[in-house]
Structure formats: C-alpha cells, structure tokens
Amino acid sequence: MSHADRLARAALSRLAEPGDPRLTALVAELGAQELHRLLVDQRDPEGLRTDLAARLASSDPERELDRAARLGLRFVIPSDAEWPAQVDDLVRAGQLHERGGPPIGLWVRGPVRLDSLTGSVAIVGARSATSYGAQVAGELAAVAARAGFPVVSGAAFGIDQAAHRGAVAVDAPTVAVLACGADRVYPAAHQQLIDHIAATGAVVSEAAPGCAPTRIRFLARNRLIAALARGTVVVEAAARSGALNTANWAARLNRVVLGVPGPVTSAQSQGVHQLLRQGAATVVTSGQELLELVGESGSHLADEPRGPVHPRDRLSSRHRQVLDAVPVAYGAGTDSVARTAGLGVVEVRSALTYLLGAGLVVQDDAGWRLAAPAHT
C-alpha cells in the first residue's frame with residue numbers, strides 16, 4: 001500500500017468514531033485516498049457528515065506521522081506485515097453490530113509486533129477488584145506469559161493492572177489497549193506501568209495521538225481486546241461491568257470465553273457467575289486450566305484434581321472387606337475376623353497374610369489388629 005494511502009488513513013483516523021463500521025466500509029469500498037479527497041471536496045458519500053471536511057483539509061498527516069514517530073509511535077494498517085490478521089474478524093461482526101467494525105489502523109508504541117499476538121490471552125475484570133481477584137488475575141497472567149502466551153488487557157485499575165503486573169513479574173511482554181491516544185496515559189496513576197509496557201511490550205489504540213478517553217472509546221476498545229486475543233478470561237465483574245462487554249465481543253468473534261468464579265456472596269463476581277450459569281463461559285480456576293483451554297488441542301493438558309492416595313486405595317475389594325473387619329485397638333483371631341467379614345476362614349487367612357506384608361495389619365499374641373497406616 002502506498003505512502004499516500006497511509007497518510008489518508010492517518011488523517012481519517014482523526015475523524016473516525018471508534019468501532020463505526022461505516023467509515024471502515026467506505027475505506028474498503030472507495031479506498032482511503034479517494035474517501036479523503038471526497039470529504040475534503042465537501043462531497044458526502046453515503047451520508048457521512050462533511051462538516052468534518054474543513055478539519056481534514058487543514059490537517060497535515062505527513063507532519064502528524066513524523067511527530068508520532070518522534071514519540072515512538074507507529075501507525076499500523078491492514079497492508080502492513082505487522083497487521084494482526086485476527087482483527088479482521090471484526091469485519092463480519094461490524095455487519096451485525098453498529099459499533100463492531102475493524103479499525104482503519106492502529107497506533108502502536110512499543111517493540112512488540114502486533115502480528116505476534118495470535119496466541120495471546122486477554123485478562124479483564126472489575127476496576128474495584130478484591131484482593132482475591134487481583135491475586136488470581138496476576139497468577140493467571142504469570143502462568144500464561146511464562147508459557148509464551150502474551151497477556152492483553154486495558155491498563156485500568158483493578159484486574160487489568162494485576163494482569164499486566166503478573167506478566168511483568170515473569171519478565172514477559174504484555175499489551176495494553178487504551179481508550180485514548182497511545183501517546184497518552186490513562187489512568188494517570190499508571191504512568192510508570194504504561195511506560196514500562198511501552199518499553200517492553202506494546203501500547204495500542206485506534207484513537208489518534210492526543211485523543212482523550214471517552215465512554216464510547218472504552219466500549220470500542222473492548223472489541224479490540226477481544227479480537228486481538230485467542231481467549232478472554234473474566235476475573236471478577238459486577239452485574240454491569242465493561243468486562244462483560246469484552247466477553248460478549250469475544251463470544252461474537254468465536255473466541256474462547258473463560259470465567260473465574262468468586263464467592264457467591266461477592267457483588268464483584270455476580271457478572272462472572274451469570275456468564276457461567278448461562279453457559280457463556282467456561283470455568284477456569286488455575287493457570288494450567290487456562291493453558292489447556294487456550295492452547296493447541298492436546299497441549300498443556302491439566303491434571304484432574306485428586307485427593308491424597310491412601311494405602312487402602314490400592315487394595316482389591318475383597319482385601320478391603322477383610323481389612324474393615326480387623327479391630328483397631330484389640331487383637332482378634334482369624335475366625336473372629338472371618339465372621340465379621342462374612343467370609344471363609346481360609347480366604348480370610350490368605351487375605352490377612354497379604355495385608356500383613358503390606359504393613360496394614362499386625363499380629364501379636366492377642367490376634368490381628370490394624371497397623372497405623374490403615375487408620376486413614
């Protein structure tokens with residue numbers, strides 16, 4: 001794609017309403033350069049507002065791209081080798097949802113290339129997270145990042161912050177998708193965190209440099225988080241939570257949707273529990289389970305939880321029947337054990353000999369009684 005097309009897209013990104021499929025469709029149909037020319041000439045293709053044309057005509061995309069480069073930003077467009085192909089899934093979603101179109105380009109700050117995020121995991125959740133939620137999010141992120149799955153989140157307070165820090169803790173890159181320009185920091189309290197992500201991972205936004213965060217940009221940002229990742233994990237979300245919007249986008253895009261259950265009395269987990277109850281998300285309780293669900297088929301298989309193995313577990317049903325008939329404190333003869341077990345003396349004598357060799361019974365002058373290992 002020509003440099004002129006990149007300039008036209010950069011200029012149009014200033015005017016694009018986040019997630020609006022109309023502009024994306026027109027760029028695809030007419031080309032960015034032609035659409036830019038039509039708007040500057042005050043023509044109105046398919047009802048797009050031309051009162052924005054003056055702003056377009058007065059802009060200097062060449063200078064803006066140069067300024068962005070000095071700030072460490074690059075503008076990635078669909079023809080670039082770095083363009084994340086999974087974001088193109090938003091084309092179909094944009095036909096079904098008025099705010100679902102793909103971005104015309106992505107502004108990126110940081111060394112991580114967007115085309116390396118095909119196996120990434122999004123971890124999102126409540127801003128007012130509990131200590132339980134923050135701990136779980138950090139642990140999930142650390143396990144995923146250590147296994148080579150980049151962690152994507154929104155750099156917000158609470159779960160987002162914990163997810164980024166979990167990846168950083170294992171010296172792995174993480175990606176922050178912002179609702180403002182990629183040159184800005186929001187929330188301001190996360191200056192150090194976002195600067196670190198920009199130095200080691202990537203800060204991404206479809207909003208042009210300098211743009212302030214707005215409500216619509218937060219909602220549109222959620223679709224990008226879901227589109228970039230192979231799976232989305234929701235860790236704590238109230239009944240009305242932006243994280244649920246991200247989970248809904250992940251479902252629309254046929255991504256894996258996972259939910260971490262919390263205490264049933266916690267308002268911060270109501271939204272997650274509703275997802276699980278509806279079957280819209282799969283329960284995940286550990287990093288290993290997360291890897292199994294987002295990894296390639298047959299890889300990272302999680303072990304099923306099992307209780308401790310006791311010596312009795314290895315016995316046959318007949319040997320357990322005899323063992324249950326042996327007294328705990330006082331010895332009993334073979335015939336007494338046989339009567340209690342309801343078995344023949346010969347068979348019981350053979351079983352007791354086996355149990356003696358296994359260390360589960362002892363024999364003294366008073367007869368047979370349980371050994372200490374058989375008490376559990």
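It should be emphasised that the depicted structure is a prediction, and the values quoted were computed from it without experimental measurement. Residue numbers count from 1 along this sequence.
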(request) Before giving the answer on salt bridge (Lys or Arg N to Asp or Glu O under 4.0 Å), spell out for R9 and D5 the whole-Å C-alpha distance, their side-chain angles and the decisive distance to 0.1 Å. (result) CA-CA 6 Å; R9 284 176 176 267; D5 194 81; 3.1 Å; yes

(request) Go through the steps to decide whether R70 and D66 satisfy the test salt bridge (Lys or Arg N to Asp or Glu O under 4.0 Å), and finish with yes or no. (result) CA-CA 6 Å; R70 289 194 299 272; D66 288 342; 5.6 Å; no

(message) Before you tell me yes or no, could you show the steps for D80 and R74 under salt bridge (Lys or Arg N to Asp or Glu O under 4.0 Å), namely the whole-Å CA-CA distance, both residues' side-chain angles and the distance that decides it to 0.1 Å?
(response) CA-CA 11 Å; D80 293 337; R74 59 189 183 276; over 6 Å; no

(request) Take E206 and S13, measure what side-chain hydrogen bond (donor to acceptor under 3.5 Å, both in side chains) needs, and give me the verdict at the end. (result) CA-CA 7 Å; E206 67 177 310; S13 74; over 6 Å; no

(request) Start with the C-alpha distance between E236 and T130, add both sets of side-chain angles, then the distance that settles side-chain hydrogen bond (donor to acceptor under 3.5 Å, both in side chains), and finish with yes or no. (result) CA-CA 8 Å; E236 290 193 324; T130 66; 2.5 Å; yes

(request) Apply the test salt bridge (Lys or Arg N to Asp or Glu O under 4.0 Å) to residues E62 and R67: give CA-CA distance (whole Å), side-chain angles for both, the deciding distance (0.1 Å), then the verdict. (result) CA-CA 9 Å; E62 183 85 60; R67 176 179 174 275; over 6 Å; no

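Using a 30° and 60° split on the angle between ring planes, Y354 and H319 fall in the parallel class, below 30°.
By the 6.0 Å and 45° rule, R221 does not stack over the aromatic ring of Y186.
Here the closest non-hydrogen pair linking L90 and P103 is CD1-CD, 4.3 Å. The two residues L293 and V256 have their closest heavy-atom pair at O-CG2, 3.9 Å. A pairwise comparison of heavy atoms in V108 and V112 identifies CG1-O, 4.5 Å as the closest pair. In terms of heavy-atom proximity, A163 sits nearest to A141 at O-CB, 3.1 Å. Across all non-hydrogen atoms, the minimal contact from L178 to G154 is CD2-O, 4.1 Å. Of all heavy-atom pairs spanning A250 and V257, the tightest one is CB-CG2, 3.8 Å.
Taking CG of L140 as the reference point, atom CD of E289 lies at 9.5 Å (rounded to 0.5 Å). L244 CG to W249 CH2: the interatomic distance, rounded to the nearest 0.5 Å, is 15.0 Å. From D89, atom CG reaches atom CG of L253 across 6.0 Å, with rounding to the nearest 0.5 Å. Rounding to the nearest 0.5 Å places CG of L323 at 6.0 Å from CG of L360.
Of the N and O atoms on the side chains of Q135 and E139, at least one donor lies less than 3.5 Å from an acceptor on the other residue. A side-chain donor from one of W83 and D88 sits under 3.5 Å from a side-chain acceptor of the other.
More than 12 heavy atoms of other residues, nucleotides or ligands shown are found within 6.0 angstrom of OH on Y132. When the shell of 6.0 Å around CZ of R127 is examined, it contains 12 or fewer heavy atoms from other residues, nucleotides or ligands. The environment of Q278 atom CD is dense: over 12 non-hydrogen atoms of other residues, nucleotides or ligands sit within 6.0 angstrom.
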